[in-house]
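The structure appears right after this line, and notes come after that.
Every number for a ligand or one of its atoms is a count from 1 in the order of the listing.
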Amino acid sequence: MTGKTSFLDSVSRNFDKAADLSSLPKGLLAQIKACNSVYQMRFPVKIGNDYQVIEAYRVQHSHHRLPTKGGIRYSQKVNQDEVMALATLMTYKCAIVDVPFGGAKGGVKISPRAYTTAQLQKITRRYTAELIRKNFIGPGIDVPAPDYGTGAREMSWILDTYLTFKGGELDAAGCVTGKPVNLYGIRGRTEATGRGVYYALKETLSYADDMKELGLTTGMEGKTIAVQGLGNVGYYAASICQYEGGAKIVSVAEYEGAIYNEKGIDIDKLMKFRKKTGSILGFPGSKTMKSRKDVLTVKCDILIPAALEGQIHKGNAKSVKAKIVAEAANGPVTADAEEILLKKGVMILPDMYINAGGVTVSYFEWLKNLSHMRFGRLEKRFDHNTYMNLVGLVEEKTGKTIGAKEKDFLTRGADEIDLVRSGLEETMITAYQQIRLIKKRKKKVTDLRTAAFINALDKIASDYMTLGIFP
Ligand code: GLU
């Protein structure tokens, strides 16, 4: 990382900036800031003919609400500071979107590409066993989820290991989220973070006065977007902004490099191309950029960094041309870079708000697991019948018939996916309105990250006060 501000330093600096503007007691702020539990483990796993000692972590940042919640990252770059920073962000993220959990994060210091599926399964199961051993996992204790380098497959191994030890537990399925749909998962979890980014951007772009300040028109239609990272988050964010929002994706970067096309890049076609050729480079109509980092400084309205932390730093912040930076990744803009961007008048939609769609739908999944029932099961047919009666009445009173296709559209009862998307949209809109209002009302709050922090701090403080820990 250029600029040398560590991720944890950046998070800490951002916290202090908001805490300085808060009237909450100093001791309470110090308690909110501190990481409550840090579990560092090393365990042996037999890989081939030899043993490897695997370094791993689980950090629970805040116990003001339980369970704690946050993903598990598999990456060679994992270290204690990084996991602490990520767990910290989870606490504020949950508070901002009113998900009643404390923040946590896990990390396993491995490069998943270096292992076979069987070896990854072995590592995941052993990691889970370590968590169980120390009481660091459970539906009411700490609930992991996917993050960089993990997905539904790893979550199913975690659940299965948990069930092996805690088979009779009624709510055991709620010990982890982001599971496959056929294994206690929920529809819409995979797309959730990316879709949340879309809803958040749509809401942001709807305020005429804010857009005027940035020199942009309202609405997503026709906006140019550059995306760094086509993983789960970046892919869905780009694809939904393009196909549902009418945005134009002008630049995309992945592991192998970056491409540009001012006329727009069709994301689904690009994904198919990459699957076939193993690379995004050479995609018809696009130009290959010199460096994959060039995606960050391309001319566009909205930049979506959806890869890792520390991507926009002191060294390249000056060259960012986007008017809006949407932090789909956690911590992509360092605190130094933020100062530069804000001076340039760039609007930063902070990670702890804009990528909170994942944990929001994780919360829905957890609720589904505790209720042991799919959302929509009770009301779908009732709603459908009510709408059918209504449509029938309209036909009867007007003497006209409504076509079969329209009738289907008008009378459909909500399925699980409809309810999940609706809940996610509502969550992202409400959270943005709260943050925006804080920025508008408090003179000293001049950026959305500080506003988001203040929003989170007030909510967490009130939880602590309810608990009676602070008067
Ligand atoms: N890893 C995701 C995040 O950073 C999701 C966490 C979760 O669903 O618990 O927000």
Verdict with supporting geometry, Thr430 and Glu426, side chain to side chain donor-acceptor pair (under 3.5 Å): CA-CA 6 Å; Thr430 308; Glu426 165 62 16; 3.0 Å; yes
What do the steps show when you test Lys69 against Thr177 for side chain to side chain donor-acceptor pair (under 3.5 Å), and what is the final call? CA-CA 9 Å; Lys69 187 88 190 77; Thr177 60; 2.8 Å; yes
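A cation-pi arrangement, defined by a distance under 6.0 Å to the six-membered ring centre and an angle within 45 degrees of its axis, is absent between Arg133 and Phe43.
Here Met352 has no heavy atoms under 4.0 Å from ligand 1, in either its backbone or its side chain. Only backbone heavy atoms of Pro146 (N, CA, C or O) come within less than 4.0 Å of ligand 1; its side chain stays farther off.
One distance of note links CZ of Phe165 with CG of Leu131; it measures 11.0 Å at 0.5 Å rounding. Taking CD1 from Ile324 and CD1 from Ile304, the interatomic distance works out to 10.0 Å, rounded to the nearest 0.5 Å.
Annotation for Trp366 and Pro67: closest pair CZ2-CD, 3.7 Å, computed over non-hydrogen atoms.
Applying the 4.0 Å criterion to heavy atoms of Gly358 picks out, from ligand 1, the atoms 8 (O). Interface of Lys93 with ligand 1, defined as ligand atoms under 4.0 Å from a residue heavy atom, comprises 3 (C), 4 (O), 10 (O). Of all the atoms in ligand 1, the ones that sit under 4.0 Å from a non-hydrogen atom of Gly71 are 1 (N), 6 (C). Listed by number with element, the atoms of ligand 1 under 4.0 angstrom from any heavy atom of Asn330 are 4 (O). For ligand 1, the atoms sitting less than 4.0 Å from at least one non-hydrogen atom of Gly70 are 9 (O), numbered in the order shown with element in parentheses. Atom numbering of ligand 1 starts at 1 in the shown order; those under 4.0 Å from a heavy atom of Lys105 are 1 (N), 3 (C), 4 (O). The distance from ligand 1 to the heavy atoms of Met90 drops below 4.0 Å at these ligand atoms: 3 (C), 4 (O), 6 (C), 10 (O).
Taking atom 8 (O) of ligand 1 as the reference point, the nearest protein heavy-atom neighbour is Ser362 OG, 2.6 Å. For atom 7 (C) of ligand 1, the nearest non-hydrogen atom of the protein is Ala145 CB, 3.3 Å. Nearest protein heavy-atom neighbour of atom 9 (O) of ligand 1: Lys69 NZ, 2.8 Å.
The shortest separation from a heavy atom of Arg189 to ligand 1 is under 4.0 Å, placing the residue in contact.
For the pair Thr177 and ligand 1, the shortest N or O to N or O distance does not fall below 3.5 Å. Not a single N or O atom of Asn355, backbone or side chain, sits closer than 3.5 Å to an N or O atom of ligand 1.
The closest side-chain heavy-atom distance from Val361 to Glu365 is not below 4.5 Å.
Aromatic ring centroids of Phe101 and Tyr363 lie under 6.0 Å apart.
A tilted orientation is assigned to the rings of Tyr353 and Tyr432, their planes being inclined by 30° to 60°.
Electrostatic pairing of Arg449 and Glu327 counts as a salt bridge here, judged by a charged N lying under 4.0 Å from a carboxylate O.
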